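Working notes, structure below.
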Number of protein chains: 2
Amino acid sequence: MGVSSRVAGAEEMCPYRLVLEHVTSRWGVLVLIALEERSYRFSELRREIGRVSEKMLTQTLQTLERDGMVHRDAKPVIPPRVDYSLTPLGREAAAQVRTLATWTERRMDEVAQARVKYDETRP
Amino acid sequence: MGVSSRVAGAEEMCPYRLVLEHVTSRWGVLVLIALEERSYRFSELRREIGRVSEKMLTQTLQTLERDGMVHRDAKPVIPPRVDYSLTPLGREAAAQVRTLATWTERRMDEVAQARVKYDETRP
DNA sequence: CAGCATCCACAAGGATACTG
DNA sequence: CAGTATCCTTGTGGATGCTG
């Protein structure tokens with residue numbers, strides 16, 4: 001997910017698929033779910049999510065801000081303070097994503113069972 | 001999305017996040033949505049989705065099969081015939097993913113507007 | 001603190017050729 | 001037809017160093 005919203009093959013893809021990918025991307029999901037609870041400062045969010053490089057968090061936040069999902073509030077103070085929160089649109093997205101994430105979590109043992117079956121029938 | 005379910009950094013990730021990524025992956029989404037309507041043969045599905053490399057489709061199908069979302073029915077005939085369909089678990093996943101996709105599609109003009117605003121306030 | 005710019009390694013993913 | 005195997009290009013994303 002690039003700053004200018006580039007993804008492999010992005011050019012020939014219908015626009016909504018692009019937004020879908022932003023929202024369901026690796027860090028997109030986590031950012032949305034985190035911000036659904038409350039607003040976060042940059043490095044606060046970084047710690048909350050864990051193991052995100054600064055670069056990826058920045059890119060993710062910018063992409064989601066550009067898509068109108070995230071609101072960025074930069075306070076003109078020193079040292080800089082920037083708060084991130086969800087827009088109403090982002091809030092809807094977050095709810096959907098969280099639903100999917102929760103569903104996945106709750107179905108994990110079914111998945112695990114399926115994997116065992118799959119694996120034991122081949123080398 | 002690799003055959004053995006590898007993703008960058010997969011090792012240090014909680015397992016459910018991995019499944020979530022399979023389901024929301026580029027081709028995963030499209031496969032699930034397509035198979036929700038009806039079952040497909042391999043190359044039928046390839047045409048339906050469009051611009052998937054054979055390799056990616058194979059990988060995606062195998063991963064989703066291993067996760068217990070997709071059922072693979074290989075008929076022992078010549079020429080080979082393989083039908084793919086959704087399992088009950090896959091059906092649930094597909095419904096969620098489709099909901100999210102539909103939501104995204106319907107919100108596209110809000111996103112578009114947000115982008116214009118975002119873009120016009122910077123070089 | 002909150003970023004941006006750069007470099008770099010590795011993995012995703014496409015193209016091609018081949019097989020059961 | 002439905003894949004597998006291989007090569008090769010591209011992009012993703014981490015690490016580092018610098019700035020307002």
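Predicted model, so just to flag it, every value in this text is computed and none were measured. Computed from heavy atoms alone, side chains included, the values below leave out hydrogens, waters and symmetry copies. We name chains A, B, ... by the order of the sequence lines, and we start the count at 1 in each one.
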Looking at [N], I'd like to know if its phosphate oxygens (OP1 or OP2) sit under 4.0 Å from a side-chain N or O belonging to [X].
{"X": "B/Tyr40", "N": "D/dC1", "answer": "no"}
{"X": "A/Gln62", "N": "C/dC4", "answer": "yes"}
{"X": "A/Arg41", "N": "C/dA2", "answer": "yes"}

* Would you classify A/Arg72 as touching base, sugar-phosphate or nothing, given that sugar-phosphate means primed atoms plus P, OP1 and OP2, and contacts are heavy atoms under 4.0 Å? =>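 Sugar-phosphate, no base atom in range.
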message = For A/Lys55 and A/Pro80, find the nucleotide of DNA chain D closest to each by heavy atoms; which residue's nucleotide sits nearer the 5' end?
response =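 The answer here is A/Lys55.
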Could you tell me the separation between the [atom1] atom of [X] and the [atom2] atom of [N], rounded to a whole number of Å?
{"X": "B/Arg26", "N": "D/dT10", "atom1": "CZ", "atom2": "P", "answer": "15 Å"}
{"X": "A/Glu21", "N": "D/dG11", "atom1": "CD", "atom2": "P", "answer": "14 Å"}
{"X": "A/Arg46", "N": "C/dA2", "atom1": "CZ", "atom2": "P", "answer": "11 Å"}
{"X": "B/Leu45", "N": "D/dC1", "atom1": "CG", "atom2": "C1'", "answer": "14 Å"}
{"X": "B/Lys75", "N": "D/dA2", "atom1": "NZ", "atom2": "P", "answer": "11 Å"}
{"X": "A/Leu57", "N": "C/dC4", "atom1": "CG", "atom2": "P", "answer": "11 Å"}
{"X": "A/Met56", "N": "C/dG3", "atom1": "CE", "atom2": "P", "answer": "15 Å"}
{"X": "B/Arg81", "N": "D/dG3", "atom1": "CZ", "atom2": "C1'", "answer": "16 Å"}

Quick one: do A/Arg26 and B/Glu21 make a salt bridge, cutoff under 4.0 Å?
->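 Yes.
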Exercise. Would you sort out whether B/Glu92 and A/Arg107 count as a salt bridge (charged side-chain N to carboxylate O under 4.0 Å, His left out), showing the intermediate values?
Key: CA-CA 10 Å; B/Glu92 288 184 46; A/Arg107 295 301 187 167; 2.8 Å; yes
Practice prompt. Establish whether the base of C/dC4 is bridged to the side chain of A/Glu54 by a donor-acceptor pair shorter than 3.5 Å.
Written response: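 Check passes, donor-acceptor contact within cut-off.
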Could you check whether any side-chain heavy atom of [X] comes within less than 4.5 Å of a side-chain heavy atom of [Y], counting everything from C-beta outward?
{"X": "B/Leu20", "Y": "A/Thr24", "answer": "no"}
{"X": "B/Leu61", "Y": "B/Tyr84", "answer": "yes"}
{"X": "A/Val70", "Y": "A/Thr87", "answer": "no"}

Between D/dG3, D/dA2, C/dC4, which nucleotide has the shortest distance from any of its atoms to the side chain of B/Ser43?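 The listed nucleotide nearest to B/Ser43's side chain is D/dA2.
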Among D/dG14, C/dG3, D/dG3, the one nearest any side-chain atom of A/Ser53 is D/dG14
